[in-house]
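For reference, the structure is listed below as structure tokens.
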Amino acid sequence: MPDPRKIIIDTDPGQDDAVAILVALASPELDVLGITAVAGNVPLELTQLNARKICELAGRPDISVFCGASEPLNRKLVTAEHVHGRTGLDGPTLPQPEMQAQSQHAVDFIVETVMASDSGEITICALGPLTNVAMALQKEPQIAKNLAEIVLMGGGFFEGGNVTPAAEFNIYVDPEAAAIVFNSGIKLTVMPLDVTHKALASRTRVEAFRSLGNRAGEVTAELLDFFERFDETKYGTDGGPLHDPNVIVWLLEPNIYSGRRINVEIETSSELTLGMTVADWWRVSDRSENCFFVRNLDDQRFFEILTERIKRL
Ligand code: BDR
Ligand code: CA
């Protein structure tokens with residue numbers, strides 16, 4: 001097997017972030033250098049706590065968890081307790097973690113680790129608002145040259161938004177940070193709602209996690225039982241979309257996805273469409289391509305990969 005791919009997971013857990021972290025920690029193809037928490041679904045005190053709970057659930061108290069930004073670059077934090085519950089991880093009962101958060105700030109960890117790495121060695125997997133990543137780019141613009149790529153969950157074009165008619169949550173919370181990342185010149189792969197809305201955690205799929213016979217499978221089912229109820233009602237589907245694990249599965253089996261290299265710009269000023277990802281899917285502008293924008297996946301294979309990985313924990 002080739003050397004595992006080195007990744008930093010930047011995240012705001014969140015039930016779907018938690019599933020993404022579990023899958024990453026269960027995958028020998030990936031070497032998780034650290035987890036950087038950001039405020040998003042719930043405030044930072046909870047996202048960093050939740051990240052530690054998930055590492056311990058995965059049997060990986062050795063993973064370093066760093067606390068990052070508690071507020072977006074220049075806006076008030078918007079959270080999503082109506083989706084994720086008061087704790088951000090409502091559903092299962094998880095013990096208070098014994099592992100501590102690192103004292104180093106998440107942004108310093110990202111800068112130091114990326115600057116000390118060889119060019120093209122480290123990939124950032126961004127599962128929440130892009131505040132930490134943008135702050136790292138502001139602090140040390142040279143990281144853009146050293147990073148292999150950023151794979152992120154955020155945005156939506158054909159599906160519209162999920163927090164306003166035009167905007168997806170991660171981009172909406174910190175549109176200025178998103179604009180910095182999309183204009184950074186770093187190789188970017190984007191998992192927007194257009195693809196994650198096709199990854200539905202149906203009843204049968206949730207039951208498959210529950211019957212794995214391990215605690216991680218049981219917890220995954222309980223997380224999804226809680227998380228999906230909101231979207232099932234909203235969209236009227238059997239199961240709600242499972243967003244963030246797409247970032248990790250992309251690294252494991254990119255051939256189950258399809259998309260296009262296009263230009264995407266972020267709306268940062270309009271009140272009506274703040275945080276919109278203006279995706280030039282039909283290439284009607286002369287703006288240059290800045291990301292690979294994913295639109296479709298083999299959802300059956302996606303869930304097979306998730307269950308097969310979570311079974312290993
Ligand atoms: C994104 O927002 C959060 O609620 C989820 O964790 C995911 O990252 C989906 O819009
Ligand atoms: Ca998230």
Side-chain angles (χ1 to χ4, degrees), residues 8-24 35-44 46-51 53-54 65 68-69 72 77-91 106 124-133 150-175 177-178 181 189-201 220 223-224 226-232 234-235 239-250 266 274-277 293-294 297 306:
I8 294 172
I9 303 179
D10 188 72
T11 177
D12 63 335
Q15 290 88 349
D16 60 327
D17 303 71
V19 177
I21 295 169
L22 289 175
V23 173
I35 296 181
T36 52
V38 66
N41 289 321
V42 285
L44 180 69
L46 290 170
T47 59
Q48 60 85 14
L49 171 73
N50 293 343
K53 285 183 177 173
I54 295 302
V65 172
L77 177 65
V78 176
T79 52
E81 283 85 357
H82 61 294
V83 182
H84 300 271
R86 198 182 44 79
T87 65
L89 275 193
D90 277 20
I124 293 183
C125 297
L127 314 179
L130 290 160
T131 321
N132 285 344
V133 183
I150 296 175
V151 185
L152 67 92
M153 190 280 136
F157 189 68
F158 297 95
E159 287 288 298
N162 61 356
V163 62
T164 74
E168 179 280 331
F169 180 79
N170 289 340
I171 307 294
Y172 180 77
V173 171
D174 200 343
V181 171
T189 300
V190 180
M191 293 289 167
L193 298 177
D194 304 311
V195 64
T196 68
H197 278 186
K198 293 170 183 154
L200 295 178
T220 301
L223 287 167
L224 296 180
F226 184 90
F227 178 55
E228 303 297 337
R229 92 219 177 287
F230 175 79
D231 280 342
E232 279 180 338
K234 179 174 171 188
Y235 300 115
L242 190 47
H243 309 283
D244 293 339
N246 283 286
V247 167
I248 304 299
V249 172
W250 163 261
I266 311 294
L274 184 71
M276 181 176 180
T277 44
F293 197 79
V294 180
L297 88 163
L306 297 188

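When a ligand or atom number is given, it counts from 1 through the structure's own listing order. Treat the numbers as computed from the prediction; the structure is a model and nothing was measured.
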Which pair of heavy atoms, one from Asp10 and one from Val38, lies closest together, and at what distance? OD2-CG1, 4.0 Å
Sort out the contact shell of ligand 1: every protein residue with a heavy-atom distance below 4.0 Å, listed by chain and number. Asp16, Asp17, Asn41, His84, Leu127, Met153, Asn162, Glu168, Phe169, Asn170, His243, Asp244
Considering all heavy atoms of both residues, which atom of Leu223 and which atom of Ala18 are nearest to each other, and what is their separation? CD1-CB, 4.0 Å
Does Ala106 have any side chain to side chain contact (heavy atoms under 4.5 Å, CB included) partners at least two apart in sequence or in another chain, and if so, which? Thr36, Phe66, Asn132
Is there a donor-acceptor pair under 3.5 Å between the side chain of Asp194 and the backbone N or O of Glu159? yes
Non-neighbouring partners of Ala39 that pass side chain to side chain contact (heavy atoms under 4.5 Å, CB included), sequence neighbours left out: Leu44, Leu77
Scanning both residues in full, the closest heavy-atom pair of Ile248 with Cys125 reads CD1-SG, 4.1 Å
Specify whether His243 and His197 have parallel, tilted or perpendicular ring planes, treating 30° as the upper limit for parallel and 60° as the lower limit for perpendicular. tilted
Under the 3.5 angstrom rule, does the side chain of Asp12 hit a backbone N or O of Asn41 as a donor-acceptor pair? yes
Donor-acceptor check, side chain of Gln15 to backbone of Asp90, threshold 3.5 angstrom: yes or no? yes
Count, excluding waters, the protein N, O or S atoms that are closer to the Ca ion (ligand 2) than 3.0 Å. 5
